[in-house]
Participant: 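Got a structure here, written out as structure tokens. Questions coming.
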Amino acid sequence: VTDDATPPHDDPPVPPAPVAAGTARDAALGAVGRPGSRRLVATPALVCDVDLLEANIARMAARAAEAGVALRPHAKTHKSAFVAALQLDAGAAGIACAKVGEAEVLVAALEAAGHGDVSVLVTSPVAGAAVAGRVAALAAACDLMVVVDHPDGVDELAAAVAAGTGTGQLAVVCDVDVGLGRTGVTGPDPALAVVRRIAGSPGLRFAGVQGYGGHLQHLPGRAERATATRTAAGRLRSVVDALEADGHEVALRTGGGTGTAGIDMEDRVLDELQPGSYVFMDQEYRDALGDDPEGRFAQSLFVATTVVSANQDGFVTVDAGLKAMATDAGPPTVVGHAIDVHYHFFGDEHGLVTQAPPTRFARGDRLDLVPPHCDPTVDRYDELWLARGDTLVGVTPIDARGCSR
Ligand SMILES: Cc1ncc(COP(=O)(O)O)c(C=O)c1O
């Protein structure tokens, strides 16, 4: 765990905050810039250490630049225009979004933040005329690419573009299943069917292929992960070869995630990478990647929680439970207490934190939890509090929270 390891009850004293007037949120905001102000945020809350976040963004950007691959960080992790803007400022070619709704909101928020005409790739295929119409409308607001994995999807997009008012062509990427089995064409022949259909649609332009190996990202052991990544890359390569033999230019080969980024950079089958989780580096990734090169990012995201009851021997109760974080990847870890303290889910609103001497938490103590799985944890919060060490530096909206359509 990379955050400061000071036990919460040893935090330095905080100057009196103006709690009488306004909300707890106002009080925390009023203390921005003051040492110790981080502990004024009402819990449970999502807090990001910006020093660590910026270091993660700079590290991935430098690695990609050195390897000569483009970076299109996936915004599904943070859903935040603030974080996306940092990534774009660090040289990202654009952003990836999982859903059209996520892209709609982030494009508008980035535009307001001075990042107009951002390049966006929607990495999930869409189905139905209504969402295809939204894609066509969004193409007027940004430099948009969208993936497709079936000729019918191509037809829906072509019809939406023809019905719209835009004049340009919509860039379409063929999604290729490289082993995950979630979406994507399953081999060269279905890929040819999709790409020939795109080529025959006047309002569409074939932009390239996507091969995202979600099944590879958390494979423990770098050698095993590298072998499996090369198998997946071979599947993408065979599709690219078939498309090129059929006369199509495959200008873009996009995919990859945090767990395979270093391997993808070495192998160069992908020329654009879409890692998302590296900005926050959740516990699931930390456990899977350990000290591998792909794992060398700091855990920058925390669920801040408060001890609300300490009447029992051996454990205390905190105010962050099942509703405060995603629970699919096990319990969170407690910052600064990797060995002696363990968190257990204790119902919807509470967590049970065991402690071993000399640790002894008291009612009112604050703890930082490292979320087990960052993306769905972020999606539970309206705001991300920003801190540098123990000092609050601001708060920013999770702009695309809940935008899953
Ligand atoms: C299509 C696609 N690309 C990239 C990513 C980012 O992966 P990670 O968060 O593991 O870096 C994801 C995550 O689910 C994804 O679905």
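Here, residue 1 is the first one in the sequence, and each next residue gets the next number. Ligands are counted one by one from 1 in listed order, and the atoms in each one are counted from 1 as well.
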Participant: Applying salt bridge (Lys or Arg N to Asp or Glu O under 4.0 Å) as the test, list every pair that has at least one member in residues 152-175; sequence neighbours left out.
Facilitator: Asp155-Arg197

Participant: Side chains of Asp89 and His115 only: does a donor on one sit below 3.5 Å from an acceptor on the other?
Facilitator: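 His115 and Asp89 do have a side-chain donor-acceptor pair below 3.5 Å.
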
Participant: Is NZ or CZ of Arg38 both nearer than 6.0 Å to the six-membered ring centre of Phe302 and within 45° of the ring axis?
Facilitator: yes

Participant: Within the 3.5 Å criterion, strictly below it, is a donor on Asp149 or Thr183 matched to an acceptor on the partner's side chain?
Facilitator: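 No, Thr183 and Asp149 have no side-chain donor paired with an acceptor closer than 3.5 Å.
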
Participant: Within the protein, flag every N or O under 3.5 Å from an N or O of ligand 1, and note the pair and distance.
Facilitator:
residue	atom	partner	partner atom	Å
ligand 1	3 (N)	Gln274	OE1	2.6
ligand 1	9 (O)	Ser277	N	3.0
ligand 1	9 (O)	Ser277	OG	2.6
ligand 1	10 (O)	Tyr285	OH	2.5
ligand 1	11 (O)	Thr258	N	2.8
ligand 1	11 (O)	Thr258	OG1	2.6
ligand 1	11 (O)	Gly276	N	2.8
ligand 1	11 (O)	Ser277	N	3.2
ligand 1	14 (O)	Lys76	NZ	3.2
ligand 1	14 (O)	Tyr212	OH	3.3
ligand 1	16 (O)	Arg182	NH2	3.1

Participant: Pairing donors with acceptors under 3.5 angstrom, does anything connect the side chains of Thr123 and Gln210?
Facilitator: no

Participant: Does the side chain of Asp49 come under 3.5 Å of the side chain of Ser300 through a donor N or O and an acceptor N or O?
Facilitator: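 Absent: no donor and acceptor within the cut-off.
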
